[in-house]
Amino acid sequence: MSSTIVGPAGHPLVLASGRAHPELAKDVAKELGIDLLPVTAYDFANSETYVRFGESVRGADIFLLQSHTQPINQWIFEQLLMVDAAKRASAHTITAVAPFYGYARQDKKSRGREPISARLVTDLLTAAGADRIMSVDLHTPQIQGFFDGPVDHLWAMPILVDYVRTRVDLENVTVVSPDAGRIRVAEIWASKLGGGPLAFVHKTRDVTRPNSAVANRVVGDVEGRDCVLVDDLIDTGGTIAEAVKVIMGAGARSVIVAATHGVLSGPAPQRLAECGASEVVVTDTLPIEESKRFPSLKVLSIAPLIATAINEVVTDGSVTSLFDGNS
């Protein structure tokens, strides 16, 4: 296998992919200038999963890329099997790369007798043999503390900001947070878009009903302004669609939605296409099939960011420096 990146200790870089999002893995490999490790993966008749690496990984720094898309449980377990296979094949270090980290929204107990599922996923990766985790825009940063080892928390913000700044009038932009809890992220967005004003959407949520939130009103100055509504992910699209309508109802001139992860479950494409947003911008941390795409959707490649972070890890560089020390 060709490898153009070798760390200071002489360990070759190996990149392998599960079956969840092979297109992204190919793009990352292309950015790194290496070939993907051949992997055999299939399901038995009873739905058990089998994986095997086609070449030796002994002594290598191996990165196992698997984005936790639907069906999430299957792809998480396939990644666990790849980690275990790499450990038993004497890889030097094993990094589980999960551009979209499954169960990240279940990071705490909202009510009694609930699991902390995000912690369980890190425990499983640890038990399988992962030395390091790499992910993009975790739903809550404290998930990094669930793993007893290095966690490279990448931000898609630089990619999204570079695109959005070409689509708005920087003298007339307001950054809007979808709720009060993400104001800090909105502040960073605003600073990178010229220091314009902030606003947030006041919403209420019923913790007993998943994917259910009600946007009540917008707090802040949006009248006559080009608004950028920022979030980490869009699942069913209900919250974002309602937020766009509230912002437009408050007199905004336009609304662009920018989010890292396009989950786009169920009615999301139709809701987003009809909500009034001039553009919905996401990255390809998750595969977005043609049936989920709509005219105002723009999908940006996350591969250059992941490839750069992998290169920094292998060459003992700094991942944090990629994000102005904020990662």
Side-chain angles (χ1 to χ4, degrees), residues 14-26 28-29 36-55 57 60-91 93-108 114-140 143-144 146-154 210 233 235 261-266 284-289 302 306 310:
V14 173
L15 177 66
S17 172
R19 293 175 291 169
H21 198 354
E23 296 82 7
L24 176 58
K26 291 175 184 176
V28 173
L36 279 174
L37 179 73
V39 179
T40 299
Y42 56 81
D43 299 319
F44 290 102
N46 68 345
S47 78
E48 288 183 4
T49 298
Y50 173 87
V51 297
R52 180 179 183 271
F53 301 128
E55 296 177 3
V57 298
D61 293 322
I62 187 167
F63 292 78
L64 302 171
L65 193 152
Q66 182 86 305
S67 203
H68 301 163
T69 187
Q70 299 179 12
I72 287 178
N73 296 338
Q74 177 180 359
W75 300 136
I76 288 177
F77 199 78
E78 184 175 273
Q79 188 174 37
L80 292 171
L81 293 177
M82 290 194 296
V83 171
D84 185 75
K87 177 182 66 176
R88 298 178 188 280
S90 301
T93 63
I94 303 168
T95 301
V97 183
F100 178 76
Y101 183 92
Y103 290 92
R105 284 176 282 183
Q106 299 184 49
D107 64 305
K108 61 184 179 298
E114 289 182 340
I116 302 179
S117 307
R119 171 61 190 263
L120 177 59
V121 174
T122 62
D123 288 347
L124 291 170
L125 288 168
T126 299
D131 301 297
R132 189 182 201 104
I133 293 175
M134 182 179 292
S135 191
V136 182
D137 283 345
L138 292 166
H139 186 64
T140 49
I143 291 174
Q144 297 173 81
F146 293 167
F147 184 71
D148 191 16
V151 177
D152 299 306
H153 185 204
L154 312 184
L233 64 89
D235 193 350
H261 308 295
V263 182
L264 305 183
S265 302
D284 62 348
T285 55
L286 291 163
I288 302 176
E289 55 264 33
I302 201 71
I306 295 175
I310 289 175

Heavy-atom pair with the smallest gap, counting every atom of [X] and [Y]:
X	Y	value
Glu78	Gly18	OE2-CA, 3.3 Å
Ala86	Ile62	CB-CG2, 4.0 Å
Ala29	Leu36	CB-CG, 4.0 Å
Ile306	Pro99	CD1-CG, 3.9 Å
Val57	Ala89	CG2-CB, 3.5 Å
Ser67	Leu286	OG-CD2, 3.6 Å

Using modelled atom types only, decide if a donor and an acceptor are shared between the side chain of Thr93 and the backbone of Asp61 within a distance under 3.5 Å.
no
Taking His21 for its side chain and Asp284 for its backbone only, find out whether a donor-acceptor pair lies under 3.5 Å.
yes
[Y] side chain reached by [X] side chain, heavy atoms, under 4.5 Å:
X	Y	answer
Ile133	Gln144	no
Tyr103	Ile76	yes
Gln70	Ser265	yes
Arg105	Leu233	yes
Ile288	Leu264	yes

With sequence neighbours left out, write down each residue that passes salt bridge (charged side-chain N to carboxylate O under 4.0 Å, His left out) with [X], or none if nothing qualifies.
X	answer
Arg52	none
Asp43	Arg19
Lys87	Asp84

Check whether the side chains of Asp107 and Thr140 place a donor and an acceptor atom closer than 3.5 Å, and report yes or no.
yes
Under the side chain to side chain donor-acceptor pair (under 3.5 Å) test, residues paired with [X] that sit two or more places apart:
X	value
Asp148	none
Ser90	Arg58
Glu48	Asn46
Asp137	Thr260

With sequence neighbours excluded, residues passing side chain to side chain contact (heavy atoms under 4.5 Å, CB included) with [X]:
X	result
Leu81	Thr49, Val51, Phe77
Ala104	Tyr101, His139, Ile143
Ala20	Gln66, Thr69, Trp75
Pro150	Arg132

What distance do [X] atom [atom1] and [Y] atom [atom2] have between them, rounded to the nearest 0.5 Å?
X	Y	atom1	atom2	answer
Ile302	Leu154	CD1	CG	7.5 Å
Phe146	Ile116	CZ	CD1	6.0 Å
Thr126	Asp131	OG1	CG	9.5 Å
Ser135	His68	OG	NE2	8.0 Å
Met82	Ser17	CE	OG	6.5 Å
Phe53	Leu37	CZ	CG	6.0 Å

Does the side-chain contact (heavy atoms from CB on, under 4.5 Å) test come out yes or no for Leu64 and Thr95, once each step is laid out?
CA-CA 6 Å; Leu64 302 171; Thr95 301; over 6 Å; no
Apply side-chain contact (heavy atoms from CB on, under 4.5 Å) to the pair Asp123 and Val121, showing each step before the final yes or no.
CA-CA 5 Å; Asp123 288 347; Val121 174; over 6 Å; no
With sequence neighbours excluded, residues passing ring-ring contact (aromatic ring centres under 6.0 Å, His included) with His261
Phe100
